[in-house]
Amino acid sequence: MMTRIPILKLRECLIVSIQWELDDQTALAFQEDLLAKLHTTAARGVVLDLTPIDFIDSFIAKVLGDVINMSGLMGAKVVITGIQPAVAITLIELGIRLENVVTALDLENGLEKLERELED
Amino acid sequence: MNLRSSVDIITEWDIVAARQLGRNEAKDVGFGTVDQARITTAISELARNIYLYAGKGNIEIKQIAEGNLKGLQVIASDKGPGIADVRKVMEDGFTTSGGLGAGLPGVKRLMDDFKIETVFGEGTVISATKWLR
Amino acid sequence: MNREIAIYIQKNIDKILERWKAKMEDDQDDRFFQIMSDQVIDTTVREFGELMVSSLTASEETYDEKLKDFSVQIVRYGWSITFVLRALNNFSEVIYEEMEEEGSLNESNYKSFREVLTNWITPLNQSVVDAYSKVWEKTVNLQKIALQELSASLIPVFDKISVMPLVGTIDTERAKLIMENLLQGVVKHRAEVVLLDITGVPVVDTMVAHHIIQAADAVRLVGAKCMLVGIRPEIAQTIVTLGINLTDFTTTSTLQRGMEQALALTNRAIVEVNVK
């Protein structure tokens, strides 16, 4: 039983909202799906909303970090939105800083930030 | 009070099962959202270590009490290869699997007590406890 | 022997207390005798004497109970613990001196007398120390809670801008609490910039700096920006001397300057209005 995460396109951006706890397979499948979608749509930006996610371990963090770097290679900027306080704290305590990641409070802010980044 | 439950870690899906169990137990003890996330993440790291390095093993989750303190203890045990250099795996950024190298030192930071017993060639038992503040 | 001593004390209580008081007054360290009125001293001294006698005459079953009552009572006087211990010691000494002078002590009963005295005073000492440490423990815990309550609430100042003033020493436990409040506040108030004001933090060492850096990192993850304001000259000095790297975040000396920058970051500015 594997769920696929839906990826929506809005003008130049892709919008992804992760609604369920990520297991390893889903996370890896998502990585492939997103890159494939970037390829076919030539989108310039991605907003990845994690609001419902209540924990991220080092594996998922690595997958997310990889996705962001890979998207960057394909010419797309990624903004992560909605990281919960508890998740942020655990990530920091785990020692995962996600240093070059652009973040925003929620989807709306994320889209704004992405548009601004794309203008620069 | 000594409620315990456990999950055998054999497939990747068992990692998910272990952390779901952990989250429920943490909620049951009365931990807040941040501590729930800490515990769930720690269990995920431990379970994944078992899956990656030992192949199979067990995650046991116990509600414990010591005096007025309530807590949740997570015991990860396996009969895998053991850890050759414990000091090394407790260093930040050390990894043999291509991961982020946050695993064990990260778990130690997330939890309050952390103990590791390992015999090279025979297996590893890691116990980590979070106390309810 | 217990009874004998008790009867003796009861009979000579005035004399004993007078002498005990004189002895206590000799030690000028404690201010009890200096600041209290004679009347208060008198009643307290009498009460103390009665307490002593009742603790001596209690039967074995009720002794523990009496002992507890006694120490609770003593703690209530508000004396310093050294003073209380000296008071107990002096009291037994006075009795010994009195009884010896009076000649009711001789070689045959001397040993058992000392025994009774020891068996009486030692548990009293212990129980008093116990009671005091319990009170202290309670105070420490209460203060800890008070400190936690005091610590760190996030104040929304403008739309998108919040301030968290930090006051007092930051230890690991408090740092965790601060981080939680900070992040939850950021999300709740939808703050895009938070100013962490450390004007009230007396010392910033590597540990505190580490916690602040972590908090700022976590704030970045939830999607806001953290600025460190209120850096006093001596704090700047220690930060650089310790080799702490804060270049990753914006720091300013005052909250005011920080606020201006925060407004700029959110595309706003404070302008003066000409009222004519």
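Chain A is the first sequence line, chain B the second, and so forth, proteins listed ahead of strands; every chain is numbered from 1.
Residue pairs meeting the salt bridge (Lys or Arg N to Asp or Glu O under 4.0 Å) criterion with at least one member in residues 99-114 of chain A, sequence neighbours excluded, are R97(A)-E99(A), D106(A)-R190(C).
Looking at K9(A), its side chain does come within 3.5 Å of a backbone N or O of R11(A) through a donor-acceptor pair. Distance alone, capped at 3.5 Å, is enough to place a donor-acceptor pair between the T118(B) side chain and the I83(B) backbone. Proximity of a side-chain donor or acceptor of Q36(B) to a complementary backbone N or O of F31(B) within less than 3.5 Å is detected.
Only the backbone of L22(A) has a heavy atom closer than 4.5 Å to any heavy atom of chain B. With a 4.5 angstrom heavy-atom cutoff, R38(B) touches chain A via backbone and side-chain atoms both. Q20(B) touches chain A through its side chain: at least one heavy atom from C-beta onward sits under 4.5 Å away, while N, CA, C and O do not. Using a 4.5 Å cut-off between heavy atoms, I15(B) touches chain A through its side chain atoms alone.
Among residues 119-130 of chain B, no residue has any heavy atom closer than 4.5 Å to a heavy atom of chain A.
For E32(A), the CD atom is loosely surrounded, since the number of other residues' heavy atoms within 6.0 Å does not exceed 12. Heavy atoms of other residues, nucleotides or ligands lying less than 6.0 angstrom from NZ of K115(B) number 12 at most.
Under the 3.5 Å distance criterion, with hydrogens and angles disregarded, a donor-acceptor pair is assigned to the side chains of S58(A) and E45(B). There is a side-chain donor-acceptor pair under 3.5 Å between D28(B) and Q63(B).
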